[in-house]
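Read the structure below first, then the notes.
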Amino acid sequence: MTAPTLSIHISTLPAGTLVAVGGEIDLHTAPQLQDAVDAAQHGPDRLLLLDMTDVSFCDCSGLSVLLRARTRGPVGIQGAQPILLHVLTLTGTRDMFLSPPSAQSELPARPRQRTHVESRRP
């Protein structure tokens, strides 16, 4: 059995940072997402926009990373799949991560210039 991977692509947007995430976010991979969020240029006046289109699983470890990111500035989520929407709905945090309409227009289909980070769980 192959260990699940987490892929992370970081791009700069005019008003913030886009972090495209793919794979499974759990206890073992959440630290890599936390590292990417910490590295993002994100603050009170800079949006952190997370493209979660390719996330196939997210548990409370991933939610914890998202909630911590909100302490630095605004966080929006695009492309949340049913599993992530379920976690956000159950925890009452869904409305915290709705992207403002202006950020939605900034989301490229696939960023051209980005940093790629990939990790494998042990």
Side-chain angles (χ1 to χ4, degrees):
M1 181 157 99
T2 304
T5 61
L6 183 67
S7 64
I8 300 171
H9 305 279
I10 302 172
S11 302
T12 301
L13 299 173
T17 302
L18 170 67
V19 178
V21 183
E24 296 182 6
I25 306 170
D26 63 13
L27 182 64
H28 299 289
T29 60
Q32 287 81 34
L33 179 58
Q34 185 65 59
D35 290 345
V37 167
D38 290 345
Q41 294 179 359
H42 167 234
D45 298 325
R46 298 211 31 97
L47 173 70
L48 175 64
L49 186 58
L50 296 157
D51 179 357
M52 306 292 253
T53 304
D54 296 326
V55 171
S56 58
F57 178 79
C58 183
D59 66 9
C60 61
S61 301
L63 178 61
S64 179
V65 172
L66 299 176
L67 291 170
R68 273 185 291 221
R70 287 193 77 246
T71 65
R72 288 178 52 194
V75 177
I77 294 176
Q78 294 286 313
Q81 298 302 306
I83 188 70
L84 178 57
L85 291 174
H86 184 68
V87 169
L88 296 175
T89 301
L90 284 177
T91 58
T93 58
R94 187 175 180 157
D95 291 342
M96 294 176 155
F97 298 104
L98 294 178
S99 299
S102 62
Q104 292 176 8
S105 63
E106 293 182 20
L107 182 65
R110 287 290 173 204
R112 291 185 183 152
Q113 294 182 340
R114 57 188 173 197
T115 303
H116 176 73
V117 178
E118 189 167 312
S119 65
R120 289 194 176 273
R121 286 194 319 190

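The line from OG1 of Thr93 to CG of Leu66 is 8.0 Å long, rounded to the nearest 0.5 Å. Taken to the nearest 0.5 Å, the CG atom of Leu18 stands 9.5 Å off from the CD1 atom of Ile10. Atom CD of Gln32 and atom OG1 of Thr5 lie 10.5 Å apart (nearest 0.5 Å).
One hydrophobic cluster, built from ILVMFWY side chains closer than 4.5 Å, holds both Met96 and Val65. When hydrophobic clusters are built by joining Ile, Leu, Val, Met, Phe, Trp and Tyr residues whose side-chain heavy atoms come closer than 4.5 Å, directly or via intermediates, Leu33 is not grouped with Ile83. Leu67 and Met52 fall within the same hydrophobic cluster, defined by Ile, Leu, Val, Met, Phe, Trp and Tyr side-chain heavy atoms under 4.5 Å apart, directly or through other members.
The two residues Ala30 and Gly62 make their nearest non-hydrogen contact at CB-N, 4.4 Å. Considering every non-hydrogen atom in both Ala69 and Leu48, the closest pair reads CB-CD2, 4.0 Å. Minimum interatomic distance between Leu47 and Gly76 (heavy atoms only, all atoms of both residues): CD1-N, 3.9 Å. Counting all heavy atoms, side chain and backbone alike, Phe97 lies closest to Leu88 at CD1-CD2, 3.9 Å. In terms of heavy-atom proximity, Ile25 sits nearest to Thr29 at CA-OG1, 3.2 Å. Contact between Cys58 and Leu84 at its shortest, heavy atoms only, is SG-CD1, 3.8 Å.
With a 4.5 Å cut-off on side-chain heavy atoms, Val21 and Asp54 do not count as touching. Side-chain contact between Val75 and Leu50 is present, with heavy atoms from C-beta onward closer than 4.5 Å.
Without hydrogens or angle criteria, Gln81 side chain to Val55 main chain gives no donor-acceptor distance under 3.5 Å. No donor-acceptor pair under 3.5 Å is formed between the side chain of Ser64 and the backbone N or O of Cys60.
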- Task: Take Arg94 and Leu85 through the test side-chain contact (heavy atoms from CB on, under 4.5 Å) and record every step on the way to the result.
- Result: CA-CA 7 Å; Arg94 187 175 180 157; Leu85 291 174; 3.8 Å; yes

- Task: Let me see the working for Gln78 and Leu49 under side-chain contact (heavy atoms from CB on, under 4.5 Å), right down to the final yes or no.
- Result: CA-CA 7 Å; Gln78 294 286 313; Leu49 186 58; 3.6 Å; yes

Pair up each side-chain donor or acceptor in residues 36-44 with any protein partner under 3.5 Å, not counting sequence neighbours, and list the distances.
unit_1, atom_1, unit_2, atom_2, d
Asp38, OD1, Gln34, NE2, 2.9
His42, NE2, Gly73, O, 3.3
His42, NE2, Pro74, O, 3.1

